[in-house]
Amino acid sequence: MSDDKDHQEIIYGLCKKRGFFWGPSPEIYGGAAGLYDLGPLGKLLKNRLEGQIRSSFVKANFWEVECPTVSPEIVWKASGHLDGFIDPITECIKCGQNYRADDLIEELAPDAKIKGLSLDELTEKINELGIVCPSCKGELGPVTQYNLMLRTQLGLDQVAYMRPETATTTYLLFKRFLTFFRNKLPAQVFQIGKAYRNEISPRQGMLRLREFTQVEGQIFILKADEVDWEYFPDIADDKLPLLPYQIQEEESDEVSNITVKEALEKGYFATQAYAWCVHLAYQIFRSMGFTNEVMRLRQHLMNERAHYAKDAWDVEIFTESFGWVECCGVHDRGNYDLTRHKEFSKEKLYVKVDKKPVVPNVLEIAFGVERPLYCLIDNAYEEDEERSWLRFPPRVAPIQVAVFPLMGKDELESVAKDIYDDILESGLIIYYDRSGSIGRRYRRQDEVGTPYCVTIDYDTLEDTTVTIRDRDSMDQVRVKRENLVVVLRNLVRGEKRFSDL
RNA sequence: GCGCUCGUUGUCUAGGGGCUAUGAUGGAUCCCUGCCACGGAUCCGGCCCGGGUUCAAAUCCCGGCGAGCGCACCA
C-alpha cells in the first residue's frame with residue numbers, strides 16, 4: 001500500500017482532534033515515547049471493548065480477578081522474566097552502536113562457549129577474542145544489562161518490578177483458586193489490568209506501549225480434560241480462518257476456512273481444549289466488532305515461539321495503517337509457570353491425581369487492549385466526497401446517541417432536553433448539541449462514530465414523533481416518542497437493524 | 001540507541017534572520033436556517049524545550065525531547 005503513511009496520519013490526526021487519544025504523554029513536557037493518554041472518547045471506546053471482553057469470558061465460564069501491578073523480585077526470578085528480560089548489551093565506544101553481547105560473540109566466534117557467563121565474563125570474552133564493532137571497527141565498551149522490566153522498590157530496600165504481564169500474577173493465586181473452585185479442575189480465570197514493558201525504542205504509536213492494559217485468560221487444566229474438553233462440541237463445527245505454520249513455510253499466506261473439528265483432525269491443534277481457546281480468542285475479537293474479512297489466525301513458526309510455549313497461535317487484524325497486526329496470542333504454556341513457582345515458593349502448587357501430585361497445564365489467551373482499540377478505529381474509518389465517518393458497530397461506539405433540536409429555538413429545545421433526559425436515564429451514552437446547522441451536527445457525530453442521531457422538529461410538537469438518523473446510510477425514520485428509548489436500545493444492542501424499522 | 005528526514009493555533013499548513021507570522025479547517029456567541037459541512041457578524045487560538053551566534057532568531061548553530069522511515073530491539 002502506497003498510502004500507508006497517509007492513512008496512519010489521518011487516523012492519528014482524527015484521534016487527536018476528537019479526543020480518542022493524545023500523546024505521547026506528558027505532552028506539555030515534551031512527552032515520553034510509548035505512553036499515551038486516552039481522551040473521553042477513547043476511554044469510552046476502551047470501556048466498551050473491555051465490557052465485550054469481560055462478557056465473552058464470563059459467558060465462557062471464566063472468573064475475573066485482579067492482582068497488584070508491582071511484585072517483589074522473587075516472583076520474576078521464578079517466572080523467568082528476570083533472566084529472560086535482561087539482555088546483555090555492549091556499546092561501541094567510537095560510534096555508539098549497541099549490540100546484544102551474546103549474539104555478537106556467537107556470530108563472530110561460533111566456537112566460543114558463552115552460555116551462562118556473567119556480564120564481566122562476557123566483557124572478558126570480547127576482549128580475549130578481540131571482537132570489535134562490526135560497523136566501525138571501534139572498541140566495544142563493557143557489557144551491561146538492559147532490563148525490559150521497570151524496576152522499582154518496596155519500602156526502603158526491597159527490589160520489585162512492575163509486572164510485564166498479568167499472567168504471572170494470576171498464577172501466584174493457584175492455591176487460592178483450588179479452594180475457590182473446590183479442588184476441581186479445570187479452573188478458568190482472567191484478569192484485565194495494566195502491564196509495563198520498558199521498550200528500548202517504542203514505535204508505531206498505540207501499537208507498542210510502555211504501559212498498556214493487558215487481558216489474560218488462563219485455564220488450569222489436566223491432560224485428560226485437554227484432549228476431551230467439555231465445551232468442545234459447542235464449537236466443533238464453527239469455521240475459523242486459519243493460517244498454520246506449514247502453509248507459511250511454503251511461503252503462502254492463504255487462509256483456509258475450516259471447522260475447528262477439521263483443524264484438529266489435520267493436526268493444526270494438538271488438543272480440543274487448546275482449539276477451544278483459539279476459538280474463544282477469535283470470538284472475543286468478533287465481539288469487539290472485527291469482521292471476518294480483517295481477521296486471521298496465524299500459527300507461530302517453531303522459532304518464533306517463547307521458551308514456555310508448546311504451541312502458539314495469534315489473532316491478527318488487518319489495518320490500512322500497518323497491514324496485518326498481531327493482536328492476541330493463544331499459548332499452551334504447559335506446566336512451566338506453576339512448576340517454577342512451586343520450586344521457588346516451596347508451596348504445594350499441584351493437585352492429586354490417583355494419589356500422585358500433578359502440576360496442571362496452563363492454556364492462555366493474552367492480548368493488550370490498546371491494539372484492538374487502534375485497529376478498530378483504523379477499520380472503522382470511512383470517507384467519501386461528502387464526509388468522513390467512523391463505522392463502529394453500534395454496541396461499541398463511544399457515544400451511542402446524539403440529540404438535536406432541529407434549530408436552536410426555545411420551543412424545540414425544551415422538548416429536546418426532556419427527550420435527552422429520558423435517553424440518559426436509560427443508561428445509553430448520549431450527547432446533546434444545539435450549535436450549528438443540523439447538517440454540521442450530523443457530520444460532527446459521524447466523525448466520532450455515533451450511530452444514531454435523534455432530531456426534534458416542529459412535527460414533534462404536533463404528533464410526538466422524532467426522527468432517528470442512521471450514521472451509515474444517512475436515512476431517517478420517524479418513531480413515536482414513547483417508543484424511542486426501546487427502539488434505540490434495540491438498535492444499539494444490535495437486536496434490531498435500522499433498515500427494519 | 002545509531003543514521004536520514006522532520007517539529008509553526010485543537011487539526012492540516014505557508015514562510016525560512018527584520019514592523020503586528022500565512023491560509024484553510026475547527027471552536028465560541030449572535031443573526032439566518034423547517035434535515036445533511038449554506039451564508040453573515042464578532043471573537044478564540046500557534047512558531048516543541050533549553051542554550052549559543054546576532055542590533056535582531058520561528059528561521060542559523062549546538063544539545064534535549066518527540067515523530068516518520070531504515071538498522072538494532074520486540075520475553
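All chains are named by letter (A, B, ...) in the order of the sequence lines, taking the proteins before the strands, and each is independently numbered beginning at 1.
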Should I399(A) and I430(A) be marked as a side chain to side chain contact (heavy atoms under 4.5 Å, CB included) after you check the CA-CA gap, both sets of side-chain angles, and the distance that decides it? CA-CA 6 Å; I399(A) 298 171; I430(A) 184 170; 5.9 Å; no
Have a look at D459(A) and say if it touches a base, only the backbone sugar-phosphate, or nothing, with a 4.0 Å heavy-atom cut-off. base
Report the residue (G31(A) or T467(A)) whose heavy-atom-nearest nucleotide on RNA chain B is the more 5′ of the two. T467(A)
Establish whether the base of C35(B) is bridged to the side chain of R469(A) by a donor-acceptor pair shorter than 3.5 Å. no
Nearest-Å distance once atom C1' is located in both C19(B) and C12(B): 28 Å
How far does the P atom of G39(B) sit from the matching atom of C47(B), given to the nearest Å? 30 Å
Would you check if there is a donor-acceptor pair between the side chains of T455(A) and Y442(A) at a distance under 3.5 Å? yes
Rounded to the nearest angstrom, tell me the gap between atom OH in Y12(A) and atom P in C12(B). 13 Å
To the nearest Å, how far apart are D446(A) CG and C36(B) P? 13 Å
Given E447(A), which of R387(A), K17(A), R441(A) fulfils the salt bridge (Lys or Arg N to Asp or Glu O under 4.0 Å) condition? K17(A)
Mind calculating the distance between NZ (K17(A)) and P (U13(B)) to the nearest angstrom? 12 Å
Length of the CZ-P vector between R203(A) and A67(B), whole Å: 8 Å
Assign each of G408(A) and K16(A) to its nearest nucleotide of RNA chain B by heavy atoms, then name whichever residue's nucleotide is nearer the 5' end. K16(A)
Between R444(A) and G26(B), is there a side-chain N or O to OP1/OP2 distance below 4.0 Å? no
Touch check for R441(A), heavy atoms < 4.0 angstrom, all strands: base, sugar-phosphate only, or nothing? nothing
Contact class for Q476(A) vs. all strands (heavy atom < 4.0 Å): base, sugar-phosphate, or nothing? base
Nearest whole Å is fine: how far is G46(B) P from I28(A) CD1? 15 Å
Considering only the P atoms, how many Å lie between C60(B) and U8(B), rounded to the nearest integer? 14 Å
Under 4.0 Å, counting only non-hydrogen atoms across every strand here, what does Q445(A) touch: a base, just sugar-phosphate, or nothing? nothing
Any chance CZ of R497(A) has more than 12 other-residue heavy atoms, nucleotides or ligands included, within less than 6.0 Å? no
Could you give the distance separating G52(B) and U42(B) at their P atoms, to the nearest angstrom? 44 Å
Look at all strands and tell whether R440(A) reaches a base, only sugar-phosphate, or nothing, counting heavy atoms closer than 4.0 Å. sugar-phosphate
Would you indicate what S435(A) reaches in the nucleic acid, counting non-hydrogen atoms under 4.0 angstrom: base, sugar-phosphate, or nothing? sugar-phosphate
Look through every strand shown and name the nucleotide pairing with C30(B) as Watson-Crick or G-U wobble, where both distances are under 3.5 Å. G40(B)
When both distances are under 3.5 Å in a Watson-Crick or G-U wobble arrangement, the nucleotide paired with G46(B) is none
Of the listed nucleotides U33(B), C35(B), C36(B), the one nearest the side chain of L406(A): C35(B)
Please measure how far the C1' atom in G51(B) lies from the corresponding atom in U9(B), and state the result in whole Å. 26 Å
Roughly how far apart, to the nearest Å, are G64(B) and C6(B) at atom C1'? 16 Å
Any strand: nucleotide that pairs with A56(B) via Watson-Crick or wobble, under 3.5 Å: none
Nucleotide paired to C4(B) in any strand shown, Watson-Crick or G-U, under 3.5 Å: G68(B)
Look at the side chain of R471(A) against the base of C36(B) and say whether a donor-acceptor pair falls under 3.5 Å; ignore hydrogens and angles. no
Would you tell me whether S79(A) and Y171(A) have side-chain atoms, one donor and one acceptor, within less than 3.5 Å of each other? no
How about F212(A) and Y36(A): are their ring centroids closer than 6.0 Å? no
Taking the same atom, P, in A28(B) and in A21(B), what whole-Å distance lies between them? 26 Å
Strand partner of G17(B), provided both Watson-Crick or wobble distances fall under 3.5 Å: none
Expressed as a whole number of angstroms, how long is the span from R208(A):CZ to A67(B):P? 12 Å
Does R296(A) make a cation-pi contact with W324(A) (under 6.0 Å, within 45 degrees of the axis)? yes
From the set C74(B), A67(B), C71(B), return the single nucleotide nearest to any side-chain atom of A33(A). A67(B)
Applying a 4.0 Å non-hydrogen cut-off, can you work out what R18(A) is touching in the nucleic acid: base, sugar-phosphate, or nothing? nothing
Atom CD1 of I10(A) and atom C1' of G68(B): how far apart are they, to the nearest Å? 16 Å
Expressed as a whole number of Å, how far does the C1' atom of C32(B) sit from that of G40(B)? 8 Å
Rounded to the nearest angstrom, tell me the gap between atom CD in E9(A) and atom C1' in G7(B). 13 Å
V70(A)/Y161(A) under side chain to side chain contact (heavy atoms under 4.5 Å, CB included): CA gap, chis, key distance, verdict: CA-CA 6 Å; V70(A) 185; Y161(A) 294 89; over 6 Å; no
Considering only heavy atoms and no angle criterion, is a donor-acceptor pair shorter than 3.5 Å present between the side chain of Y442(A) and the base of C35(B)? yes
Would you indicate what G205(A) reaches in the nucleic acid, counting non-hydrogen atoms under 4.0 angstrom: base, sugar-phosphate, or nothing? sugar-phosphate
Give a yes/no answer on whether the side chain of S437(A) brings an N or O atom under 4.0 Å of OP1 or OP2 in U33(B). no
